[in-house]
Amino acid sequence: MARKAAGKPPEEILLDWKREQASLKARVVDRDTEAWQRDPAFSGLQRVGGVDVSFVKDDSGSACASLVVLSYPELEVLYEDCRMVTLTAPYVSGFLAFRELPFLVDAVQQLRQREPRLMPQVLFVDGNGVLHHRGFGVACHLGVLTDLPCIGVAKKLLQVDGLENNALHKEKIQLLKAGGDSFPLMGGSGTVLGRALRSHDHSTKPLYVSVGHKISLEAAVRLTHSCCKFRIPEPVRQEQGGTKAKGVPPRSLRRACR
């Protein structure tokens, strides 16, 4: 999702960002809020979404912000929006949302205005939720600002609160034998920040799932596994890879946005 850019904002800007994260963090809901989340088969869930910001090669300031909505459980594309944007904030570890989120929030708001019947009931975010330096990653930020259930799905372990990609962690990964197997990511504070999930039988690399907003970790992990035809959940994989649908930019443009 993120690509590093030169420069760093002044310290007072970082302090403002920290204060905003702390203020919004108080609004995060880490439990199930919808009936479909508590149903083993997710009955009532009809639409799942995914968001991401993909970068133009050799240009850290230009990007393609995209939102895709799929049917559930069929996982067929219902809606896709992809637009070129200019990033003004630099990449700073722990503050990804301030660089990318305005465009993603705008994409959700545009969908809400244009096609409210296609609004996703949950959003997958290519990033972290409460598994974050200050417990408020991009999936939390997006969830609070859009008031949608959000799930953070990362491909690499964010090493916070004592979590390390060390020999013990790798041993635990080896014990994940089938798709759906997972283990908790417990930090040094004793808090479970997420789960490492083997998302598919044929994938040996785990995903790191964490709560973003308005969903429990248990439901987030189950739904992530349910949405995986391959390693990456379809709402994120389709959105990153591009699909051909009415009104969607061609694959050549989607690739140029990578």
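Residue numbers count from 1 along this sequence. This structure is a prediction, so every number in the text was calculated from the model and none was measured.
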For the side chain of [X] and the backbone of [Y], is there at least one donor-acceptor N/O pair under 3.5 Å apart?
X: Gln46; Y: Pro120; answer: no
X: Ser71; Y: Glu76; answer: yes
X: Arg47; Y: Gln121; answer: no
X: Arg19; Y: Ala22; answer: no
X: Thr224; Y: Ala220; answer: yes
X: Asp181; Y: Lys177; answer: yes
X: His200; Y: Lys229; answer: yes
X: Arg99; Y: Ala89; answer: yes
X: Asp201; Y: Ala178; answer: no

- Should Leu123 and Val108 be marked as a side-chain contact (heavy atoms from CB on, under 4.5 Å) after you check the CA-CA gap, both sets of side-chain angles, and the distance that decides it? CA-CA 10 Å; Leu123 280 173; Val108 173; 4.1 Å; yes
Using side-chain heavy atoms (C-beta onward) and a distance below 4.5 Å, is [X] in contact with [Y]?
X: Pro90; Y: Pro9; result: yes
X: Lys170; Y: Gln174; result: no
X: Asn165; Y: Gln159; result: yes
X: Leu148; Y: Met119; result: yes
X: His202; Y: Phe230; result: no
X: Arg195; Y: Pro206; result: no
X: Tyr79; Y: Leu67; result: yes
X: Leu111; Y: Leu118; result: yes

As an exercise, state the distance from [atom1] of [X] to [atom2] of [Y], rounded to the nearest 0.5 Å.
X: Leu207; Y: Ile151; atom1: CG; atom2: CD1; value: 11.5 Å
X: Tyr72; Y: Trp36; atom1: OH; atom2: CH2; value: 9.0 Å
X: Ser182; Y: Leu175; atom1: OG; atom2: CG; value: 12.5 Å
X: Gln238; Y: Asp52; atom1: CD; atom2: CG; value: 13.5 Å
X: Leu104; Y: Gln109; atom1: CG; atom2: CD; value: 11.0 Å
X: Leu197; Y: Lys205; atom1: CG; atom2: NZ; value: 15.5 Å

- Quick one: do Gln37 and Leu223 satisfy side-chain contact (heavy atoms from CB on, under 4.5 Å)? Show the steps, please. CA-CA 9 Å; Gln37 296 165 337; Leu223 183 58; over 6 Å; no
- Pair His169 + Tyr208: ring centers closer than 6.0 Å: yes
- Message: Using the ring centroid of each side chain, check whether His141 and Phe98 are separated by less than 6.0 Å.
- Response: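 Centroid distance His141-Phe98: below 6.0 Å, so yes.
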Considering all heavy atoms of both residues, which atom of [X] and which atom of [Y] are nearest to each other, and what is their separation?
X: Thr204; Y: Ile173; value: O-CG2, 3.8 Å
X: Ile215; Y: Cys150; value: CG2-O, 3.6 Å
X: Ala154; Y: Asn128; value: CB-OD1, 3.5 Å
X: Cys140; Y: Gly129; value: SG-C, 3.3 Å
X: Gly49; Y: Pro235; value: O-CB, 3.4 Å
X: Leu75; Y: Glu234; value: CD1-CG, 3.9 Å

- Item | Candidate list Asp32, Asp147, Thr33, test side-chain hydrogen bond (donor to acceptor under 3.5 Å, both in side chains), partner Lys214, passing option | Asp147
Going hydrophobic residue to hydrophobic residue with side-chain gaps under 4.5 angstrom, can you get from [X] over to [Y]?
X: Val28; Y: Leu142; value: yes
X: Phe124; Y: Val68; value: yes
X: Phe136; Y: Tyr91; value: yes
X: Val77; Y: Val122; value: yes
X: Leu96; Y: Leu193; value: no

- Query: Is there a side-chain contact (heavy atoms from CB on, under 4.5 Å) between Val130 and Asp30 once you walk through the steps?
  - Reply: CA-CA 9 Å; Val130 299; Asp30 60 359; 5.6 Å; no
- So Val48 and Val69, side-chain contact (heavy atoms from CB on, under 4.5 Å) or not? Walk me through it. CA-CA 6 Å; Val48 295; Val69 181; over 6 Å; no
- Query: Can we say Asp81 and Arg83 salt-bridge, meaning some charged N sits less than 4.0 Å from an Asp/Glu carboxylate O?
  - Reply: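 Arg83 and Asp81: salt-bridged.
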- Message: If the threshold is 4.0 Å, N to carboxylate O, is there a salt bridge linking Arg117 and Glu115?
- Response: yes
- Message: Given the ring of Phe95, does Arg134 sit roughly above its face, with NZ or CZ under 6.0 Å from the centre of the six-membered ring and within 45° of the axis?
- Response: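 Satisfied, under 6.0 Å and within 45°.
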- Task: Tell me, yes or no, whether the heavy-atom count around Arg112 atom CZ, taken from other residues, nucleotides or ligands under 6.0 Å, exceeds 12.
- Result: yes
